[in-house]
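Below you'll find the structure, written out as structure tokens, and then a few comments.
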Protein chains: 2
Amino acid sequence: MKRKITLKQIARELDVSISTVSKALRNSVEISDDTKQKVQAFAKLYNYRPNNIALSLKNRKTNTIGIIIPEIVHHFFSKVIRGVELVANTRGYNVIVGLSNESFSKEVINMEMLANGSIDGFILSISKETLQQQDYHHFNETMNQGMPIVMFDRVVSDINCDKVIVDDLDGSKKAVSKLVENGCKSIALITTKDYVSVGKLRTQGYMDALNDHKLIPKSELILKIDDSLDYEVHLDALENEIEQLFKANKNIDGVFAVNELYALSAMKVARKLGLDIPNDLQVIGFTDGVLSKHATPSLTTVSQHAQKMGEQAANLLIDKLEKGLNEDEEEHFNTIVINTELIERASTK
Amino acid sequence: MKRKITLKQIARELDVSISTVSKALRNSVEISDDTKQKVQAFAKLYNYRPNNIALSLKNRKTNTIGIIIPEIVHHFFSKVIRGVELVANTRGYNVIVGLSNESFSKEVINMEMLANGSIDGFILSISKETLQQQDYHHFNETMNQGMPIVMFDRVVSDINCDKVIVDDLDGSKKAVSKLVENGCKSIALITTKDYVSVGKLRTQGYMDALNDHKLIPKSELILKIDDSLDYEVHLDALENEIEQLFKANKNIDGVFAVNELYALSAMKVARKLGLDIPNDLQVIGFTDGVLSKHATPSLTTVSQHAQKMGEQAANLLIDKLEKGLNEDEEEHFNTIVINTELIERASTK
DNA sequence: TTTTAACACGAAAACGTTTTCGTGAGTACC
DNA sequence: GGTACTCACGAAAACGTTTTCGTGTTAAAA
């Protein structure tokens with residue numbers, strides 16, 4: 001087991017100075033062809049590679065970006081990571097992953113760990129707890145130290161940074177409009193509590209679509225789920241709430257759900273109540289997930305293009321990192337809006 | 001926008017030496033209480049944190065582990081990552097993620113990028129292409145340079161390193177036995193080509209279970225899918241193959257599939273052919289995925305405990321990293337076998 | 001008063017690079 | 001033969017730490 005070889009060892013071995021080795025390997029004109037050949041051959045033989053850590057220290061640049069997400073076992077987020085990784089890799093960066101697990105303190109700790117030199121910038125989506133507490137000091141502190149942040153999906157307007165978001169409002173409008181155009185008269189909305197910004201926007205889109213079609217939104221058709229409890233576990237509770245909704249409003253003929261699980265649960269409950277999808281009830285979800293595609297019937301959804309979001313976020317960040325920091329120049333922040341797409345499957349007519 | 005503060009700056013500001021600052025912050029007895037207080041107060045005020053990169057260089061230890069997986073948009077792998085992250089974080093490590101995308105060259109490049117000082121050790125699952133080519137030089141080279149590797153799930157016996165695997169054989173045996181005990185007489189197997197080790201083992205488990213129950217395996221009941229093409233895209237092709245299988249063997253009353261998608265496709269085809277699940281046909285899959293739980297009918301599966309695999313792998317790696325390398329002592333490699341668990345749902349009686 | 005010991009701190013090396021600057025040897029020119 | 005270059009290379013600094021080993025000052029002991 002031989003340790004990795006260093007410039008110093010090569011230098012000693014060939015009886016030249018470290019500087020000479022370094023220059024020879026970088027093909028400097030300062031070095032004679034003879035020496036270059038000798039050094040390069042030796043380096044190749046011993047499979048020399050510069051130590052990244054030393055380079056990072058010297059260059060004050062790690063070529064690594066940190067991504068912090070609330071949860072990794074989730075199609076949306078893992079697709080975003082894939083996008084980030086793809087771009088990062090082709091542009092010569094590595095990706096460090098941190099999970100906040102929807103917790104404020106874990107988010108803070110994770111960011112602090114990485115902000116101390118390990119990475120050049122952040123890509124992140126805010127945890128639910130942070131959104132609830134509205135405590136954003138860690139973001140601002142990080143940015144004040146000159147470390148750029150790109151937020152995606154879950155963002156807040158209070159913070160000035162680059163952002164990549166989905167056009168939640170328009171996506172929801174498209175979905176609900178589709179239901180209306182397909183003949184639905186009484187469309188239910190299954191959404192989350194308002195502190196999750198995307199939930200709020202999607203609710204707004206639902207409202208707007210109804211208004212556009214001269215339909216009057218009825219509060220009894222809107223079900224706001226408290227998703228602070230892990231709904232993967234409390235599936236029963238979720239289905240129960242939905243069942244109440246259906247039973248209290250027998251005329252429901254359309255459902256728009258702000259995520260995949262809510263939509264699937266709605267379909268499950270409907271089936272249980274003897275409703276036929278899509279004839280008695282049409283359902284649309286909002287998601288990029290895999291469940292929709294393989295559900296029975298397969299679920300019409302608003303696609304978020306998660307991977308594209310990741311790619312854009314990575315490009316935004318790396319562009320900023322490499323822009324060369326012309327001092328004093330007023331910093332400018334971008335917000336990229338990713339268009340949604342309605343993917344029609346079997347749960348709508 | 002102030003840069004992060006360093007020891008040098010604190011030293012200059014307080015008119016002491018760098019060494020004094022460093023020692024004061026680490027509460028050394030060499031430093032007077034007066035000075036300590038002064039330094040610590042100042043450091044706290046300016047929120048000083050040691051630079052990780054400098055520490056890594058000095059200590060020749062990055063406290064970062066690299067994880068290389070074939071694909072991140074996959075429940076199994078993202079659950080493993082979650083397990084790794086969990087353990088890594090509580091033990092003071094960060095996690096860098098690399099995706100091989102099932103490609104040999106990407107696997108090699110990714111490993112080389114990380115092996116040059118960025119991380120202390122690897123956790124990885126081998127890409128399909130690598131398994132096919134059986135070219136493992138990059139693993140051996142990495143280990144020769146003193147960087148430990150822990151492989152999980154997809155492993156090969158040719159390589160000497162720590163491993164965490166699922167008891168594929170036993171899991172399959174349990175599943176197929178269950179089908180037999182539930183009255184199935186003619187059990188089909190939907191598996192992959194043999195070069196994926198887990199596919200091979202699961203096939204073996206199927207055979208063993210049949211033999212145990214004095215049933216004779218029939219080759220026409222075994223469908224080996226070529227999964228080199230992305231089955232998420234070529235869903236039709238997959239379903240077609242399965243349909244042929246069913247049509248050629250009308251007596252099939254049980255299916256064991258080595259992954260979730262195959263199982264779901266089998267159910268879909270069966271439904272199309274008018275078979276009732278579980279009365280006419282019982283199906284069991286092998287997976288940790290989310291599809292099984294929400295499928296209709298929900299799918300009985302062999303659970304792999306992916307997160308636990310990640311945790312064990314991380315512990316194995318960190319243990320090795322921190323064991324202190326008593327020279328000459330013969331290195332010992334562990335293989336941890338994770339037990340599977342049969343989760344019974346609605347696709348079996 | 002001299003020796004010794006404790007105390008409080010600083011200088012410097014080390015981790016592995018890259019890069020700037022200096023310098024000795026050789027060559028060409030006048 | 002003296003001056004001016006070019007050529008080929010080395011020394012040293014810098015990135016930010018930690019740690020070992022001095023060292024000067026003061027107080028206690030002889």
Side-chain angles (χ1 to χ4, degrees), chain A residues 2-40 42-43 46-64 113 115-120 145-147, chain B residues 2-40 42-43 46-64 113 115-120 145-147:
Chain A
K2 42 190 183 183
R3 272 213 108 52
K4 289 228 73 172
I5 197 168
T6 68
L7 287 186
K8 193 193 282 195
Q9 292 170 46
I10 300 183
R12 194 183 312 142
E13 215 65 37
L14 296 181
D15 207 33
V16 293
S17 77
I18 296 182
S19 341
T20 303
V21 178
S22 175
K23 291 173 189 163
L25 290 177
R26 327 196 97 243
N27 250 317
S28 158
V29 290
E30 283 185 65
I31 306 297
S32 71
D33 289 347
D34 268 11
T35 312
K36 275 191 213 170
Q37 289 215 350
K38 198 174 54 171
V39 172
Q40 290 176 0
F42 192 90
Y46 283 90
N47 196 30
Y48 169 80
R49 300 265 186 261
N51 180 305
N52 282 332
I53 295 292
L55 285 180
S56 296
L57 183 59
K58 176 130 194 45
N59 301 330
R60 285 136 132 217
K61 175 129 177 35
T62 62
N63 271 44
T64 302
M113 270 195 79
N116 298 318
S118 302
I119 62 167
D120 297 334
Q145 296 184 359
M147 177 156 306
Chain B
K2 42 189 184 182
R3 272 212 111 47
K4 291 226 71 173
I5 199 169
T6 69
L7 287 187
K8 194 193 282 196
Q9 293 170 43
I10 299 182
R12 194 182 314 141
E13 215 63 38
L14 296 181
D15 207 36
V16 292
S17 78
I18 297 182
S19 341
T20 303
V21 178
S22 175
K23 289 173 189 163
L25 291 176
R26 328 196 95 245
N27 249 317
S28 159
V29 291
E30 283 186 65
I31 306 297
S32 70
D33 288 347
D34 267 10
T35 312
K36 274 191 213 169
Q37 289 213 352
K38 198 173 53 172
V39 172
Q40 290 175 0
F42 191 91
Y46 283 89
N47 196 30
Y48 169 80
R49 300 265 185 262
N51 180 305
N52 282 332
I53 295 293
L55 285 179
S56 296
L57 182 59
K58 174 124 195 52
N59 302 331
R60 284 133 134 227
K61 175 126 178 34
T62 62
N63 272 43
T64 302
M113 271 195 80
N116 298 318
S118 303
I119 62 167
D120 296 333
Q145 296 183 0
M147 178 156 305

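Reminder, nothing fancy here: chain letters follow the sequence lines and each chain counts from 1.
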Query raised in the report: Which parts of nucleotides 13-18 of chain C does protein reach within less than 4.0 Å, heavy atoms only, written one letter per nucleotide 5' to 3' as B for base, S for sugar-phosphate only and - for none?
Result: -BBBBB
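Summarising the geometry, the separation between CD1 on Ile31(A) and P on dT6(D) is reported as 18 Å, rounded to the nearest angstrom. If you measure from atom CG of Asp33(B) to atom P of dC7(C), you get 12 Å, rounded to the nearest angstrom. Computed from coordinates, the Glu30(A) CD to dC21(C) P distance equals 12 Å when rounded to whole Å. Between the NZ atom of Lys36(B) and the C1' atom of dC9(C) there is a distance of 13 Å, given to the nearest Å.
Residues Val39(A) and Lys23(A) are not in side-chain contact: their nearest non-hydrogen atoms beyond the backbone lie 4.5 Å or more apart. For the pair Ile5(B) and Asn47(B), the minimum side-chain heavy-atom distance is 4.5 Å or more.
The side chain of Thr20(A) places no N or O atom within less than 4.0 Å of a non-bridging phosphate oxygen (OP1 or OP2) of dA8(D).
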Query - Derivation and outcome, side-chain contact (heavy atoms from CB on, under 4.5 Å), residues Ile10(A) and Tyr46(A) - result: CA-CA 9 Å; Ile10(A) 300 183; Tyr46(A) 283 90; over 6 Å; no
Report task. Give the C-alpha distance, both sets of side-chain angles, the deciding distance and a yes or no for side-chain contact (heavy atoms from CB on, under 4.5 Å) between Thr62(A) and Ile53(B). Result -> CA-CA 8 Å; Thr62(A) 62; Ile53(B) 295 293; 3.9 Å; yes
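Donor-acceptor pairing under 3.5 Å is recorded for the side chains of Lys4(B) and Asn116(A).
When heavy atoms are screened at a 4.0 angstrom cut-off, Ser56(B) is found touching no nucleic acid atom at all.
Put simply, the side chain of Ser22(A) never gets that close to the backbone of Ile18(A): no donor and acceptor are under 3.5 Å apart.
Within a 6.0 Å radius of CG in Asp15(B), no more than 12 heavy atoms belonging to other residues, nucleotides or ligands are found.
Residue Ser118(A) comes nearest to Met113(A) through the heavy atom pair OG-O, 3.8 Å, listed as atom of the first residue, atom of the second, then distance.
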Nucleotide N/O of nucleotides 24-28 of chain C paired with protein N/O under 3.5 Å:
none

